[in-house]
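So the structure is just underneath, and the comments pick up after that.
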Amino acid sequence: MQTLTTHSRHVQQFPTGLVLRYRHLINDNHVAHIPFTLFPSPFPKSLYKECLEIQPSVNTLMTKIANDIDFIEETLSPIAQVDDFTRNLLKLNKIVQKEGLAQPIISCIIRADYMLDKYVCDSQNKLRIRQVEMNAIASSMSAHSHNTHSLHKYLRSKYKLSDPEQANVMYPENQSLALVAQGLIEAFNLYKNGQAHVLVVTEERSLNFSDQLLVELEVHKIRPDIRFVRRRFVDLPELITLGPNKELILGDSKEIGVVYYRYGYDPTNYNFREAWDVRLTLERSRAIKCPSINYHLSGAKKFQQVLHDQKQLERFVDHYDAKRLSKASCKFWPVDAATSEGEEGFRVGLGSSKSLVLKPQREGGGHNIFNQDIRPFLESIADSEERSQYILMEYIDSPLERNWLLLQDDIEDVKRLTTSDQLVSELGIFGSVIADGSNIISNEAAGYLIRSKKYGVNEGGVASGYAGISSLILYDDDGSQLTASSNASEFYQI
Ligand code: ADP
Ligand code: MG
């Protein structure tokens, strides 16, 4: 509590649950304020709109991928040969599809992440958006980003920060939390048993527990009749069984209508003996999974590489969606040894002076290899089958912005806050999609997450301590021109 008080003197009176547990705090009853920026982050209005408008196409694309088992197999099986985690996910997907789904309705809460990219066109410096990745499982921070929007609003008002002088700036409402809650409510309604529960599957020690609990509270505000139960994944072997019609039963008699995974995206989550059996039981059940295993697989980074150009995308979505999606895509290469494209990508990775990122088939931060580290790494796996699990991606060259980033490390260092930081931001857009097989029932997009990290820091996670949550201030841009106005300090004349 002392930490909370010291760190957030300014926000004590603002009880929004904007907190995280940290491993270094005394115990799980101690929390600290989530890392955040002092001011909203400027973003060009037209490019924000572009990200928001793409989201229904992202939702559609992931639904199409999820329903194409052959394509999933064909694309991910080379990875499965060298990666147990992908192999197990594919195996489970095949088992449940072959058995026939007890629950045809599938749901997914997606967060597609983007960064601004600087480029030169007709000798002018411009900005465009580039997609970083699409998260299909445990897409987090909807509550914290919604609340950071309110926090910034409150701080502006409390310290009488005049609204920016520039004409045509706006603070878009952030419907992220409502969107996630609505997605779960719709899934629950489709289960058609009002007595059932929503099961939130959590890690053993949820550092980001409050982002999860706030989703539950938001659902409760709208539908107090929907009951939630939170259980740790590791505890489920003792707790779940299937009923005669594959109803998912928790404990003696709680029927589960919706399984909401906030865990299960990383191999380390499956480090207990019964882990894969538990996941199989959940997937086999009649409960609606958010996400179902095929939606989970559709978020694999490999699909971004395979589907990065318009022609490939048109296999799955219409011309219009394919055009929008490919416009926001980076260039990608495979680096496997089995195909000529892979050999070409491998050479690009070894030889190029261009900025690149090498990504394995992993989620959750800390796995990527950046720029000059790529060459020695590729050399070390040159003769290994492992090459097939990596994709090579262009580095997104984001503009810097001046703002103040309050990280956990700053708790005692109040003086540091006299100077601002050079930050780089990443924008996430939330989507919620529910489908009956490939027939989309609900396709929603709303709300954002904007995170800022210090320039030069490669990884971008908030819970992992690299970035802080911000909110958006949108400025009118002249055809995505790179303007000097991307500094919070200029907007507020500080
Ligand atoms: P994860 O699943 O670990 O979140 P990401 O693909 O989101 O994987 O990468 C983690 C972080 O690395 C991102 O949040 C972003 O800050 C940075 N990053 C990823 N791809 C790129 C890229 N192409 N260019 C620049 N930075 C990138
Ligand atoms: Mg990410």
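Here, residue 1 is the first one in the sequence, and each next residue gets the next number. We count ligands from 1, going down the list as the structure has it; atoms in each ligand are counted the same way.
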Open item on the list: Is it the case that the side chains of Ser57 and Asp321 hold a donor-acceptor pair, with the cut-off being a distance below 3.5 Å and no angle test?
Closed with: yes
[X]: numbered ligand 1 atoms lying under 4.0 Å from its heavy atoms:
| X | value |
| --- | --- |
| Val357 | 21 (C), 22 (C), 23 (N), 24 (N) |
| Glu394 | 22 (C), 23 (N) |
| Arg362 | 2 (O) |
| Glu363 | 2 (O) |
| Gly364 | 1 (P), 2 (O), 3 (O) |
| Lys453 | 15 (C), 16 (O) |
| Lys359 | 5 (P), 6 (O), 19 (C), 20 (N) |
| Met393 | 23 (N) |

TODO: Apply the side chain to side chain contact (heavy atoms under 4.5 Å, CB included) test between Ile109 and each candidate in Ile434, Val215, Val433, Val180; give the one that qualifies.
DONE: Val180
Among all protein heavy atoms in this structure, tell me which lies nearest to [atom], with the distance rounded to 0.1 Å.
| atom | answer |
| --- | --- |
| atom 9 (O) of ligand 1 | Asn368 ND2, 2.9 Å |
| atom 24 (N) of ligand 1 | Ile396 N, 2.8 Å |
| atom 3 (O) of ligand 1 | Gly365 N, 2.6 Å |
| atom 26 (N) of ligand 1 | Met115 SD, 3.9 Å |
| atom 4 (O) of ligand 1 | Glu133 OE2, 3.0 Å |

Open item on the list: Residue-level breakdown please: for Asn458 versus ligand 1, do any non-hydrogen atoms fall below 4.0 Å on the side chain, on the backbone, on both, or on neither?
Closed with: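 The backbone, only.
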TODO: Scan Lys301, Arg362, Lys359 and name whichever one has a salt bridge (charged side-chain N to carboxylate O under 4.0 Å, His left out) with Glu133.
DONE: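 Looking at Lys301, Arg362, Lys359, the match for Glu133 under the salt bridge (charged side-chain N to carboxylate O under 4.0 Å, His left out) is Lys301.
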Open item on the list: For ligand 1, which is the ligand I care about here, please tell me if Gly366 has any N or O atom under 3.5 Å from one of the ligand's N or O atoms.
Closed with: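 Looking only at distances, the answer is no, because the N/O contact criterion of under 3.5 Å is not met.
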Using a strict 4.0 Å threshold on nitrogen-to-oxygen distance, state whether [X] and [Y] make a salt bridge.
| X | Y | answer |
| --- | --- | --- |
| Lys453 | Glu459 | no |
| Glu426 | Arg451 | yes |
| Asp421 | Arg402 | no |

Task: Trace of the side-chain hydrogen bond (donor to acceptor under 3.5 Å, both in side chains) decision for Ser206 with Glu203 - done: CA-CA 5 Å; Ser206 297; Glu203 55 265 69; 3.2 Å; yes
Whether [X] lies under 4.0 Å from ligand 1, heavy atom:
| X | answer |
| --- | --- |
| Glu459 | yes |
| Asp113 | no |
| Phe370 | yes |
| Cys330 | no |

Open item on the list: Strictly distance-based, threshold 3.5 Å: is any side-chain N or O of Asn59 a donor or acceptor partner for the main-chain N or O of Glu444?
Closed with: yes
Task: Over all atoms of both residues, closest heavy-atom pair of Leu407 and Gly468 - done: CD2-N, 4.5 Å
Hey, do the aromatic rings of [X] and [Y] have their centres closer than 6.0 Å?
| X | Y | answer |
| --- | --- | --- |
| Tyr260 | Phe228 | no |
| Tyr270 | Phe85 | yes |
| Phe233 | Tyr261 | no |

Task: Contact flag Glu133/the Mg ion (ligand 2), N/O/S atoms, threshold under 2.8 Å - done: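 Here the distance criterion (N, O or S atom, under 2.8 Å) is met by Glu133, so yes.
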Task: Ring-face cation of Arg130 near Tyr114 (centre distance under 6.0 Å, axis angle within 45°) - done: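 Here Arg130 fails the 6.0 Å and 45° test against Tyr114.
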- [ ] Tell me which one of Gln131, Lys301, Glu426, Arg130 gets a heavy atom nearest to atom 13 (C) of ligand 1.
- [x]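 Looking at heavy atoms only, Glu426 sits closest to atom 13 (C) of ligand 1.
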